[in-house]
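Every value quoted in this text rests on a predicted model; they were computed, and no experiment measured them. Numbering of ligands and ligand atoms starts at 1, following listing order.
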Amino acid sequence: MTRWILTTSFFALFGASLVGCTSSAETPSTAVTATEMSRPAPVPTEYMPQPAVLIYSETRGWRHEEGIAGGNVALMEIARDKGFGYFTTQHAEIFNAETLSRFDLIVFNSATGDSLSVDQKAAFKTWLADDGAVILIHGSIDSSQKDWTFYQDELVGPQFISHPMAPQFQAADVVVLNTGHPVMAGLPDRFEATDEWYSFDGVPDGRFVTLAGLDETTYSPRNTVYGVEDLRMGDQPEDHAIIWSRCLPEGGRVVASALGHTLESFAAPEHRQLISNAMNWTMKSGADDVGCD
Ligand SMILES: [Zn+2]
């Protein structure tokens, strides 16, 4: 008897939504779509300082657990030091016009795979065209997003091929190739960093500005464990871009950086300087109204 009462109460409470979840064959005209059934969009507090940074790290591909954690903390610290608001989430539902309008910068922190719906992608694209600012970190340029053509072709550019294994993480020299660009401000012309070094199917084309490349003589660009073994892209740092930017014709700016697999990588002062600069430049803060040529 008790069980019957509980069951009845359950259906009294949730019956309507259960009907909505039945297959489309049973409910052809009133079926609730997958999007409508998803969790509601997270809503940042009304007290979030402005300007504000949205840090997004949904993973439908490889999940960089440490890089997401380390990157999120570093991004929040850097944003906080600038007086910016910030909000971290893995909820794709935050990509709606109303919520995105509260943000000035979106950082894809090793967000992998094709995680946004058609409507969410459209909301992002509209937001970006209105002087939106975007930073893509590490896994966010691993080409697992390539089914989203706009993102891959217009924001990322070259396609990821692979990275070294055995050892996976190596110290290598990052060489600044555009010393006058605001995103490179304050960085040494050459600095050592330890990371998982991506190789791509080429360098960014002329729509992008290559900011830094790898000196392949300073590490072993080989993967002896699986897939493509020879990951060399060329003798010169110009042949192996690792950080680049773009000013989009519709408005909006993007910085893409392959750094950031590990938690520790975000402790490096050069990496933090890079992120800080990228925030300022993409958001057109201060006097950094250059760097699009
Ligand atoms: Zn990685």
Q | Test side chain to side chain donor-acceptor pair (under 3.5 Å) applied to N223 - qualifying residues, sequence neighbours left out | A | S162

Q: Kindly check if the number of other-residue, nucleotide or ligand heavy atoms within 6.0 Å of CZ (R207) is above 12?
A: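 Yes, because the 6.0 Å sphere around CZ of R207 holds more than 12 heavy atoms from other groups.
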
(Q) Taking the basic N atoms (NZ, or NE/NH1/NH2) and the acidic carboxylate oxygens, is any pair closer than 4.0 Å for K125 and E250? (A)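 So K125 does not pair with E250 through a salt bridge.
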
Q) Hey, is D114 close enough to K121 for a salt bridge, meaning N to O under 4.0 Å? A) yes

Q) Aromatic rings F87 and F103: how do their planes relate, parallel, tilted or perpendicular, breaks at 30° and 60°? A) tilted

Q.
For F108 and Y151, I'd like to know if the aromatic rings sit close, meaning centre-to-centre distance below 6.0 Å.
A.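 Judged by ring-centre distance (under 6.0 Å), F108 and Y151 do meet the cut-off.
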
Q) For the Zn ion (ligand 1), which protein N/O/S atoms are closer than 2.8 Å? A) H64 NE2, H138 NE2, E196 OE1, H261 ND1

